[in-house]
Every structure is written in structure tokens, then in C-alpha cells.
Amino acid sequence: MPDQKTVSFPRDFLWGAATSAYQIEGAVQEDGRTPSIWDTFSHTPGRTAGGDTGDVAVDHYHRYREDVAMMADLGLTAYRFSVSWPRVQPTGRGPAVQRGLDFYRRLVDELLSHGIKPAVTLYHWDLPQELEDAGGWPERETALRFAEYAHLVGEALGDRVEQWITLNEPWCSAFLGYGSGVHAPGRTEPAAALRAAHHLNLAHGLGTSALRSVLPARDTVAVSLNSSAVRPLSQDPRDLAAVRRIDNLANGVFHGPMLHGAYPEGLFEQTASVTDWSYVLDGDLDAIHQPLDALGLNYYTPALVSSAETAPEGQRADGHGDSAYSPWPGSEDVAFHQTPGDRTEMGWTIDPTGLHELITRYAREAPGLPLYITENGAACDDKPDAEGRVHDPERIAYLHGHLSAVRRAIGDGVDVRGYYLWSLMDNFEWAYGYGKRFGAVYVDYATQKRTPKSSAQWYGQAAKTGTLAPLTEAG
Ligand code: FCB
């Protein structure tokens with residue numbers, strides 16, 4: 001049943017869109033930038049669909065003015081983007097390259113001059129290759145390097161950017177990068193994945209302190225987590241135990257240290273055959289457990305798990321995605337299941353209740369901390385019609401459903417301050433290359449022409465009015 005009611009948001013709610021550097025910038029060899037792990041990975045045969053790379057992406061490095069003007073036309077009030085680490089600190093150590101920083105200064109000034117609030121993510125997966133060559137995230141040194149990088153960027157942009165995000169989805173960096181290997185650097189070493197998770201936590205903590213030492217007091221520091229709504233296939237105690245184990249690896253491994261100063265109960269035991277956690281040194285948990293000003297939640301779809309023992313024959317999946325290797329170290333006895341319901345082009349089930357569930361969980365785990373939905377959106381099979389227009393009613397329905405879930409949570413008393421649609425425009429979707437379109441704006445990759453889809457118009461209208469048009473009118 002289409003929703004007929006108008007849904008209204010608080011007046012100062014931020015209506016944003018999100019992107020990340022490697023997915024949109026291109027210009028990978030300009031102004032002193034060096035390769036990141038994603039350049040290396042995407043140029044390795046067989047790693048991305050069709051061998052796609054971010055070499056050109058959507059050429060945002062050269063078209064940022066046009067892109068900001070487009071955001072302003074649509075009516076967006078906020079924009080979340082990431083800084084490319086190898087663009088501003090090519091070797092991952094030492095002084096910053098001013099030309100790299102200047103690009104972000106110009107971008108931020110452009111945003112501010114259009115009344116759009118910038119939110120900067122420091123790390124959206126593009127580790128300088130040189131740091132991976134030295135061992136990457138499994139090594140403690142990488143966390144120290146991140147703190148130095150955070151300091152450099154904070155110093156350069158702190159006067160004009162008020163919202164800061166240390167890491168984007170450290171789960172993906174650790175477990176897809178070093179566990180299942182479907183993301184850069186493509187390693188498949190379960191112990192390294194857990195070491196990476198700890199050092200990403202440490203990077204977040206040290207990075208937060210480094211930012212605090214240079215940012216004006218009014219600036220806010222947050223982290224964006226792709227926390228997962230993990231659900232049991234049945235109430236069988238074995239399935240409930242499977243949920244606890246996956247919840248520890250999906251959520252607790254980050255929430256624990258970052259929000260509570262301790263790894264969650266059971267995590268060390270359930271991974272004991274993989275690692276002994278001896279790299280968690282005295283003082284690390286205090287360093288990680290920094291006061292935050294806000295939390296960012298990225299949400300796409302819930303997870304459904306059971307014990308492998310109880311899983312019905314034929315319904316069992318290993319949760320590895322497209323890899324022969326697991327992103328869930330020490331969880332061979334857990335089975336993953338397709339959640340019921342319609343799916344997006346990614347095969348991800350559409351379920352806004354998962355978003356509401358996670359917002360509520362954050363409110364419980366981090367009482368009083370303002371929340372932002374820092375990513376949410378859908379890949380659809382978008383194609384221009386004969387007039388060149390792109391109609392994407394599925395995306396409008398997805399956004400309507402999820403924004404309504406956000407509004408419900410606000411009604412329940414949770415302090416959700418903004419929403420960033422993933423993504424502003426179609427872009428390089430990591431291992432899927434350009435085949436999956438998440439944009440509110442269509443990009444013709446041959447010409448780089450941008451065409452706002454009907455969802456962009458619908459979302460812009462929501463941003464301008466602070467209300468969601470009923471679906472029947474959205475068309
Ligand atoms: C998230 C990533 C983002 C994008 C979306 C679809 O995991 O943070 O870059 O790829 O998924």
C-alpha cells in the first residue's frame with residue numbers, strides 16, 4: 001500500500017548526499033597523488049567487474065563546481081565526501097601536499113558559498129599503497145600514520161569544516177579487505193582481518209584525539225559504522241547463539257571499544273582458534289574510547305543467521321558473498337540466509353525496519369549522542385528513456401520507506417539530525433565497478449553528463465519542504 005500521509009521532519013534536519021573520493025574523483029595521477037590500495041586492486045585482473053577502475057570515475061576532481069551547483073539546484077543542505085589520503089599525503093607519512101589539500105579547500109569553499117554543510121570523512125578505504133606494502137591495517141604503525149594524516153587534514157580544513165568522520169565502515173576495511181578479500185587489498189587471512197579491526201579501532205581513537213588537538217571547539221567528530229541488524233532464523237537457542245557471534249563481529253568489535261571501552265563479551269573466545277588478540281596493548285582501549293560528538297550509521301539491509309546445524313537443507317549460505325573465503329573469522333558454524341522481501345539490484349533485501357532497529361540500538365548504546373544516517377540508498381537498473389529522462393520509482397519508494405523509518409525514530413525521541421543519501425550520483429561501486437548505479441543523479445560514463453533522476457527531484461523536494469511527498473504523488 002503506498003503511503004498516503006505526509007511525513008514532516010524537524011526544521012533543522014540535514015538533507016544530504018554522500019560520496020567517497022575513489023568512487024568519484026578520477027584524476028588518479030594528478031597533483032602528486034600516488035596509488036592507493038584501490039588503484040592497485042582495481043588494476044589487478046579479475047578483481048573488479050569488467051576490470052573497471054577509478055582512474056576517471058565521474059571526473060569529479062575536474063567537475064566539482066558543476067557538481068556542487070547541481071546539489072544546490074536540487075536543494076541539498078549537506079554533503080558528505082571523503083578526502084583521498086594518497087592525494088594529500090602520498091606516501092602515508094610526512095608533510096602534506098598542498099595541491100592536494102587545495103582541491104578540498106576549493107571544494108569546501110564552493111559548498112559553503114552555496115549554503116551546503118560539508119561533512120568530511122577522513123578514510124573511505126583508499127589507504128596509500130605504500131602503507132599496505134609496509135603491512136597495512138593489520139600493523140599497528142598504520143594507526144599511528146592515520147593519526148598523523150588526521151592531524152594534517154584537520155589543520156588544513158578545520159576552519160571551514162564543522163563535521164568530521166574518522167573512518168567509513170571499518171568492518172568492510174577489515175573483513176572484506178583482509179578476510180574475504182573482495183575489497184582492496186584483497187588478502188584472505190582471518191587473523192589479519194581481526195588485527196586490522198583492532199588497528200582500525202586504534203586509528204579511530206588516535207585520529208579523534210589528533211583532530212581534537214587542531215579543530216576549533218565547535219567542530220564535531222564522529223565515525224560511520226555499517227552496523228548490522230542481525231536477526232535469528234528461529235528462536236532455537238543455537239540460532240540465538242549464532243546471532244550473538246555474528247553481532248560481535250559485525251557490531252560489537254567496533255561498538256565495544258569505541259563506545260564502551262571494551263571488546264564485547266565472547267568475542268575473544270569465539271575467535272580463539274584464529275587469533276590470540278595479543279596485539280591489544282595496555283592503554284589501547286582507553287585510546288580508542290574517545291568521547292564522540294555524534295555517530296554515523298550506514299544502513300542498507302539486515303542479516304538473517306542461524307546455526308549451521310539448524311539451517312534447513314538448501315537454505316544455507318556461508319555468508320562469504322562472492323568469495324571462497326569468509327569475512328566472518330571463526331564462524332564456520334554459522335549459516336546465513338536470504339531475508340524475505342523485494343531486493344535491490346545488489347540483491348539486498350529492502351527492509352526499513354532494520355534501520356529503525358539500529359537507530360534504536362544506537363540510542364540505547366550511546367544515550368544522548370546525536371545520530372546521522374551517513375549512508376542509505378539503493379542500486380536500481382536505471383536507464384534513460386527516449387527523452388533522456390531517468391525514472392526511478394523504486395528508488396523513491398526505497399527512500400520514502402527508509403526516511404519514514406528515520407522519522408519514526410525521531411518520533412520515539414531519538415536525536416537523529418540528518419540523512420545522507422548514498423549516493424549523490426552514479427559512481428564506481430568497488431568490486432562491482434560501474435555496473436551498479438546508486439546515484440540520485442544519472443551519469444553517462446561516456447560523456448560524463450549528469451542527469452538528475454526522478455528520485456533526485458523527489459529528494460530535493462523533501463529537502464526544500466522538510467516533508468516527504470506521499471508516494472502516490474511522487475510518480
Ligand atoms: C557502502 C560504502 C559506499 C558504497 C555503498 C553502496 O558500504 O561505504 O562506499 O559502496 O556501500
Side-chain angles (χ1 to χ4, degrees), residues 16-26 36-38 41-42 47-49 52-54 57-58 60 79-85 119-127 165-177 179-180 182-184 197 200 204 222-229 250-251 254 295-303 321-323 327 343-351 354-355 358 372-382 392 394-395 398-399 402 419-441 443 455:
T19 62
S20 87
Y22 190 69
Q23 294 179 276
I24 63 164
E25 285 180 2
S36 74
I37 53 176
W38 268 97
F41 187 79
S42 65
R47 292 304 207 170
T48 64
D52 288 351
T53 73
V58 295
H60 174 74
Y79 177 54
R80 170 178 178 241
F81 64 93
S82 80
V83 170
S84 159
W85 188 346
V120 167
T121 307
L122 286 174
Y123 185 71
H124 201 126
W125 308 351
D126 44 0
L127 187 71
I165 293 163
T166 53
L167 306 178
N168 177 69
E169 302 190 357
W171 185 84
C172 295
S173 301
F175 296 105
L176 302 182
S180 66
V182 297
H183 279 188
L200 282 153
H204 161 75
V223 60
S224 285
L225 300 175
N226 54 326
S227 301
S228 192
N251 306 318
F254 302 109
L295 271 180
L297 168 60
N298 294 0
Y299 172 80
Y300 292 92
T301 192
D322 296 333
S323 174
R343 302 189 217 164
T344 67
E345 278 293 295
M346 298 298 280
W348 298 345
T349 303
I350 302 168
D351 186 350
L355 179 54
L358 287 168
Y372 291 88
I373 309 309
T374 41
E375 282 184 29
N376 176 241
C380 303
D381 185 19
D382 304 311
D392 55 346
E394 313 81 9
R395 184 172 287 103
Y398 185 100
L399 297 175
H402 288 78
Y419 175 94
Y420 295 84
L421 186 168
W422 184 273
S423 180
L424 172 66
M425 53 193 161
D426 295 335
N427 58 48
F428 175 75
E429 180 44 36
W430 308 112
Y432 295 92
Y434 296 97
K436 304 289 182 210
R437 293 181 178 271
F438 272 94
V441 172
V443 179
S455 63

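Model, not experiment: these values are computed from the prediction. As the structure lists them, so they are numbered: ligands from 1, and atoms in each ligand from 1.
- The part of N168 lying near ligand 1 is the side chain, judged by heavy-atom distances below 4.0 Å.
- Close approach of ligand 1 to H124 is summarised as follows: ligand atoms under 4.0 Å from at least one heavy atom of the residue are 2 (C), 3 (C), 8 (O), 9 (O).
- For the pair Q23 and ligand 1, the shortest N or O to N or O distance falls below 3.5 Å.
- Here the shortest heavy-atom distance to atom 5 (C) of ligand 1, taken over Y432, W125, F438, Y300, belongs to Y300.
- A side-chain donor-acceptor contact under 3.5 Å links N298 to the backbone of E375.
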From CA spacing to verdict: side-chain hydrogen bond (donor to acceptor under 3.5 Å, both in side chains), Y432, D52: CA-CA 8 Å; Y432 295 92; D52 288 351; over 6 Å; no
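- The distance between the ring centers of F428 and Y434 falls below 6.0 angstrom.
- Classification of R437 and D392 as a salt-bridged pair fails, no side-chain N sitting under 4.0 Å from a carboxylate O.
- With values rounded to the nearest 0.5 angstrom, F81 atom CZ is found 8.0 Å from T19 atom OG1.
- Interface atoms of ligand 1 facing E429, defined by a heavy-atom separation under 4.0 Å, are 4 (C), 6 (C), 10 (O).
- No option in W125, W430, W85 other than W430 meets the ring pair (Phe, Tyr, Trp, His ring centres under 6.0 Å) test with W38.
- For ligand 1, the atoms sitting less than 4.0 Å from at least one non-hydrogen atom of W430 are 3 (C), 4 (C), 9 (O), 10 (O), numbered in the order shown with element in parentheses.
- Nearest protein heavy-atom contact of atom 1 (C) of ligand 1 is E375 OE1, 3.1 Å.
- Between E169 and ligand 1, a contact under 3.5 Å exists for at least one N or O pair.
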